[in-house]
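In what follows, a structure is listed as structure tokens, so that the remarks can point back to it.
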Amino acid sequence: MNPVAFIAAKRDGHAHSREELEAFLGAYLRGEVPDYQVSAWLMAVFWRGMTPEETTALTQVMADSGHRLDLSAYPHPVDKHSSGGVGDKTTLVVTPILTACGCTVAKMSGRGLAHTGGTIDKLESIPGWSGDLSEERFHELARRVGLVIAAQSKDLAPLDGKLYALRDVTATVDSLPLIASSIMSKKLAAGARTIVLDVKVGAGAFMKTHDDARRLAQTMIAIGKGAGRQVRAVLSSMERPLGHAVGHAIEVREAIATLRGEGAEDLRELALALAREVLEAEGMDPARAQEVLESGAALEKFRRFVEAQGGDAGVVDHPERLELAPEVWELRAAQDGVVAAVDALEVGLAVLALGGGRLKKGEAIDLGVGAWLAKKPGERVRAGEVLARLHHRGRGVEEATRRLNQAYRLAADAQTPPLILEVLRG
């Protein structure tokens, strides 16, 4: 392996073979190629891009860089991934629905960064719940409960972790082949047969335009097909936050309410759409998704899941056990009108300012702070009526209230934009 020649090839627009990628990145993983040469290569990829075949090969090399989970013995092993958004608690609703339908959801989830929340952070707001599981315990819960969510294992696609750390500090995060291979390498290593991707589009998402989101989704679907997996993608709007709650404990409260049939309509709509895509791909009846949600079977699966991972299952019946920050600030409408827009990015940054998000990996966050959006786009309001509430502990309140003010826009009339923009089935 000649690292300089390898970097120069990509600089000049040439495609790498899988063998070349294995040699270069394998040497990096062993410490034989330094960070500065890999950084140079990442920048070359950022500017020159990769062919579909290259992107698939890179994903396979990353997936093969560590341990792979084998879920083939379980009935209907499936997974769901979101590209990240504001108020995005769909995993907490979709996975118990799928489990109640007879699927096995044994997945690895991550933590949040910046204005987007992570599933593990949300679940850790449940007293006692833990995502730190041995592989033996992970498989035991998959067999017994059918639903297990663990913190990302360092043994799973370790090459992705090393490359992402470099991308983060070399301004090469926003590269479609690098984003797609990062997401899909972990999904392939995690072993699911069918994967549904919730690709967010808009102000509060990493993909700002519909076209960019479609290209990312198509790339990930092609990678999955090349690896023998069934992959579908739902493109959903992140111009506005999903549901009413943005935070951690407050989002778990809303997810439980949705499983009880009391949640926000947009959250329910997206959760059912994602679940139906998985069931259809697995040859199961998509109508079962709504049936298990309305019967309470999905709620009971969530209860069993929480209890099995050491959490206080009593939160299912008493969500108030999920502690919220005690101080409350209210945003009220200055005039009569209709909510025309609620900027997802501004709301996410408001919660970040309160301490509800992290600016760098490993940073401690406050699971009790958050926002409750009392009014959503399309709803009519009167002057003085509460638009939103912030739950806080005094930190960052000035910035948070300013951002929440900026997030809301009222008008004389407004139409509610669609939530689901497109479904791609490969």
Side-chain angles (χ1 to χ4, degrees), residues 85-89 93 115 117 122 125 202-204 237-258 260-270 315 318-357 366-417 419:
V86 178
D88 182 19
K89 71 285 292 180
V93 181
H115 68 280
K122 299 183 206 300
S125 71
S237 175
M238 191 37 68
E239 291 295 338
R240 61 193 187 275
L242 184 65
H244 293 281
V246 180
H248 294 92
I250 197 169
E251 286 191 38
V252 179
R253 285 189 178 194
E254 184 172 38
I256 292 170
T258 304
R260 295 173 67 89
E262 304 161 0
E265 184 54 40
D266 57 348
L267 174 57
R268 174 188 167 91
E269 177 189 351
L270 182 56
V315 300
H318 302 282
E320 65 275 9
R321 293 187 187 179
L322 294 159
E323 182 200 354
L324 301 185
E327 297 183 58
V328 179
W329 178 87
E330 294 182 336
L331 173 66
R332 294 180 179 271
Q335 62 195 50
D336 292 354
V338 176
V339 178
V342 181
D343 189 300
L345 179 58
E346 289 294 338
V347 176
L349 292 174
V351 174
L352 177 64
L354 298 176
D366 189 334
L367 302 177
V369 299
W372 179 263
L373 310 178
K375 296 294 183 180
K376 302 259 290 171
E379 294 188 61
R380 188 163 293 279
V381 298
R382 292 190 176 278
E385 201 170 359
V386 174
L387 296 174
R389 296 182 179 90
L390 288 177
H391 293 265
H392 66 92
R393 302 185 205 274
R395 169 186 171 183
V397 177
E398 185 176 342
E399 179 184 350
T401 55
R402 175 176 58 80
R403 288 194 178 279
L404 197 60
N405 262 303
Q406 291 174 180
Y408 270 85
R409 182 168 60 84
L410 301 185
D413 199 8
Q415 297 294 319
T416 305
L419 173 65

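Reckoned from all heavy atoms, side chains included, excluding hydrogens, waters and symmetry mates.
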With a 4.5 Å heavy-atom cut-off, do [X] and [Y] have their side chains touching?
X	Y	value
L267	K89	yes
V339	K376	no
R382	D336	yes
D266	L242	yes
V328	W372	no
V381	L387	yes
N405	L331	yes
L390	L354	yes

Return the minimal non-hydrogen interatomic distance between [X] and [Y], and the atom names on each side.
X	Y	value
V369	A325	CG1-CB, 4.0 Å
V347	A407	CG2-CB, 3.8 Å
A353	A400	CB-N, 4.2 Å
P241	V342	CD-O, 3.5 Å
L410	A333	CD1-CB, 4.1 Å
A340	A411	CB-CB, 3.9 Å

Rounded distance [0.5 Å steps], [atom1] in [X] versus [atom2] in [Y]:
X	Y	atom1	atom2	value
L419	M238	CG	CE	8.0 Å
T258	E265	OG1	CD	9.5 Å
H248	L322	NE2	CG	13.0 Å
R402	L349	CZ	CG	9.5 Å
I250	L367	CD1	CG	12.5 Å

Over 12 foreign heavy atoms within 6.0 Å of CD, Q415: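 It does not: Q415 CD has 12 such atoms or fewer within range.
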
E398 atom CD: more than 12 heavy-atom contacts under 6.0 Å: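 Not more than 12 within 6.0 Å, no.
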
Where at least one partner belongs to residues 240-250, residue pairs that pass salt bridge (charged side-chain N to carboxylate O under 4.0 Å, His left out), sequence neighbours excluded: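 Applying salt bridge (charged side-chain N to carboxylate O under 4.0 Å, His left out) to every pair that reaches into residues 240-250, excluding sequence neighbours, yields nothing.
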
Sidechain N-carboxylate O distance under 4.0 Å for R395, D366: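 Salt bridge flag = no for D366 with R395.
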
Sidechain N-carboxylate O distance under 4.0 Å for R409, E239: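 Salt bridge absent between R409 and E239.
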
L324 vs R253, side-chain contact (heavy atoms from CB on, under 4.5 Å): CA-CA, chis, key distance, verdict: CA-CA 10 Å; L324 301 185; R253 285 189 178 194; 3.5 Å; yes

Option passing side-chain hydrogen bond (donor to acceptor under 3.5 Å, both in side chains) with E385 (candidates R332, R380, K375):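 Only one of R332, R380, K375 forms a side-chain hydrogen bond (donor to acceptor under 3.5 Å, both in side chains) with E385, namely K375.
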
Check: E254 side chain, H244 main-chain N or O, donor-acceptor pair, under 3.5 Å: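 Such a contact is found between E254 side chain and H244 backbone.
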
